[in-house]
Amino acid sequence: MKKFYIETFGCQMNAHDSEKVIVTLVGEGYSQVPTVDEADLVLYNTCSIRDKAEQKVYARIQDFKRRKDKIVGVLGCVAQQEGEKIFERAPHVSLVAGSASYNLLPQMLVQIEAGNRRVTGLSLDTEDTFEVPYTKRDNPHKAFLTIIEGCSKSCAYCVVPMTRGPERSRTSASVLTEARQLVEDGYSEITLLGQNVNSYLDPSETRLDFAMLLRRIGKIDGLKRVRFTTSHPRDFVKEIVDAVDENPVLCNHIHLPVQSGSTDVLNRMQRLYTRDEYMRRIEWMKNARREITITSDIIVGFPGETEEDFEQTLRLLDEVQYDAIFSFKYSQRPNTPALQYADHLSEEEKSRRLTIVQEHQRQIQIPRNAAYIGRVQEVMVDGYNKATQQWLGKSSQHKTIGFSHSAMPGPTADGATLEGSYLDVRVTRSGPNSLAGEAVV
């Protein structure tokens, strides 16, 4: 039997794409193996959002420069971005395919097996989504479910529209059928995925928008939690907050990337909203009946970002009081409009600003997390940390909580575990990034 190894870089979308690639390969008679040495086919599912991820991929594929016993393929965003240039830089690579072509993988594999050592799948001219009848999930309790692929926005710094193609929504019927099947198979938490998940629009006659789809999925019997990521502020409507407010199955955590607190920078980024418009969406969440935690993405050092622009981002952190952020230095990406902008900042200045943002946010998170001390949170248990001798899990609000359990201090010798269960935990301690407590037994 043919054997394959796959390694994934990047986001949750990439992780779920790899799950779907795996089931496609297994359907073609391949078996997955845990190490490169055992494999006949080696695949790297890549990310090109930042330069470091791209460099990692090239470092990996150079390992096969002198090995003739492996077929090597590059999938995902770097494949789409670099295209056939990958063959020039790494002639030992045989397959280069972007995510919009994954549904053609069986045909591409046939070409490779026939001896073709330069096979590509790079067309973005598609209305298809990559759906498979059943997908192997890496986690037995939590599942990703893609509802929309691609991006039709034009952010000046971002390669996603060029690497994943335009927005393509699945039919609501196919999404709901897969969600029900996941629940029947024992999954209790589903995360809905999309580059801009809230831009979802049912292509069938039903014409459900994202808020309507959320309401339908939230009513599936046996489903305990529904999460979604990532939302774009332009398409974020109050009906999404209303849906979360109405149904406790929909997790009260929303990730809404802002990128900058300066309207001038947002305009140069081509983000399609102003600071005031973004803050209106924050107010919808702050005024909800349920307590919604809010997280975001921040880019510092975008071309032309002045010290005053940067200060506006710090003031936005103070005003919103995010529960967490993911913060990055602006990274030049190929074929993006921002490459042509003037006033690029030095790496030293970008690093300085990133350090300030991260420390500023850390000081916000310390009292926000401390406010949970004494409160009881329902936690879905993800596993056990041997180093801290604690069970680990997440609340509906996406707070990471480590906790002790008097009746089961850890996994037992016969394999008994709390993983996948839902427990009430009383928070007794907090830090800037997590909470700790004791199970309510």
Side-chain angles (χ1 to χ4, degrees), residues 2-28 30-113 116-124 130 132 135-138 144 146 149 159-160 162-165 193 195 331 333-334:
K2 298 164 288 188
K3 299 175 182 178
F4 75 94
Y5 169 86
I6 186 167
E7 183 175 352
T8 306
F9 300 82
C11 66
Q12 292 168 315
M13 288 287 289
N14 268 19
H16 187 36
D17 279 349
S18 288
E19 291 177 336
K20 292 188 280 188
V21 167
I22 289 167
V23 76
T24 300
L25 291 174
V26 170
E28 294 298 308
Y30 286 77
S31 64
Q32 186 179 9
V33 292
T35 66
V36 167
D37 288 337
E38 300 172 71
D40 307 303
L41 172 65
V42 178
L43 299 174
Y44 293 105
N45 188 7
T46 63
C47 172
S48 63
I49 292 295
R50 285 175 293 281
D51 186 48
K52 283 186 178 179
E54 188 177 318
Q55 291 173 6
K56 281 183 184 178
V57 173
Y58 275 113
R60 290 284 200 283
I61 60 180
Q62 287 305 320
D63 292 342
F64 296 91
K65 194 170 184 179
R66 293 178 178 81
R67 297 189 66 167
K68 306 297 183 184
D69 60 327
K70 311 287 184 190
I71 295 171
V72 180
V74 180
L75 308 178
C77 294
V78 171
Q80 192 70 52
Q81 173 187 294
E82 298 292 297
E84 295 192 13
K85 288 189 289 186
I86 292 175
F87 295 135
E88 300 169 13
R89 188 167 173 179
H92 49 289
V93 170
S94 299
L95 172 66
V96 175
S99 61
S101 299
Y102 286 168
N103 58 341
L104 301 177
L105 269 176
Q107 296 94 308
M108 290 187 274
L109 290 171
V110 168
Q111 292 182 53
I112 290 173
E113 290 169 2
N116 189 341
R117 286 297 180 263
R118 287 201 169 187
V119 177
T120 61
L122 299 170
S123 175
L124 294 176
F130 182 34
V132 294
T135 305
K136 176 187 178 296
R137 265 75 178 186
D138 290 333
F144 295 136
T146 300
E149 296 178 7
V159 296
V160 169
M162 292 165 278
T163 58
R164 285 189 170 267
L193 295 180
Q195 266 73 42
S331 177
R333 307 313 300 131

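Note that these values count all heavy atoms, side chains included, but never hydrogens, waters or copies made by symmetry.
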T163 side chain vs V159 backbone, donor-acceptor pair below 3.5 Å: yes
Distance in Å, K3 NZ paired with T35 OG1, rounded so as to fall on 0.5 Å steps: 9.0 Å
Backbone N/O of K2 and side chain of D40: donor-acceptor pair under 3.5 Å: no
Contact check, side chains of I6 and L25, non-hydrogen atoms, under 4.5 Å: no
For the student: nearest non-hydrogen atoms of V33 and Y5, plus distance: O-CD1, 3.7 Å
Criterion side chain to side chain contact (heavy atoms under 4.5 Å, CB included) on V78 and F9, from CA distance to verdict: CA-CA 10 Å; V78 171; F9 300 82; over 6 Å; no
Interatomic distance, E149 atom CD to R164 atom CZ [nearest 0.5 angstrom]: 7.5 Å
T46 side chain to L75 backbone, donor-acceptor under 3.5 Å: yes
Shortest non-hydrogen contact between N103 and Q107, atoms and distance: O-OE1, 4.0 Å
Considering all heavy atoms, the nearest S94-I71 contact: CB-CG2, 3.9 Å
Donor-acceptor under 3.5 Å (R117 side chain, I112 main chain): yes
Ring pair (Phe, Tyr, Trp, His ring centres under 6.0 Å) against Y102, all qualifying residues, sequence neighbours excluded: F130
CG on L193 to NE2 on H16, rounded to 0.5 Å: 6.5 Å
Residue pair L95 / V93: nearest heavy atoms and the distance that separates them: O-CG1, 3.5 Å
Shortest non-hydrogen contact from S101 toward M108: O-CE, 3.4 Å
Short side-chain donor-acceptor distance under 3.5 Å, D17 and S99: no
Closest non-hydrogen atom pair, T8 against S18: OG1-OG, 2.6 Å
From Q62 atom CD to R89 atom CZ, the distance as rounded to the nearest 0.5 Å: 7.5 Å
Heavy-atom side-chain proximity of E82 to Y58 below 4.5 angstrom: yes
From CA spacing to verdict: side chain to side chain contact (heavy atoms under 4.5 Å, CB included), M13, T146: CA-CA 8 Å; M13 288 287 289; T146 300; 4.1 Å; yes
Point-to-point distance, once rounded to the nearest 0.5 Å, from OH of Y30 to CG of L109: 4.5 Å
Interatomic distance, Q80 atom CD to L122 atom CG [nearest 0.5 angstrom]: 5.0 Å
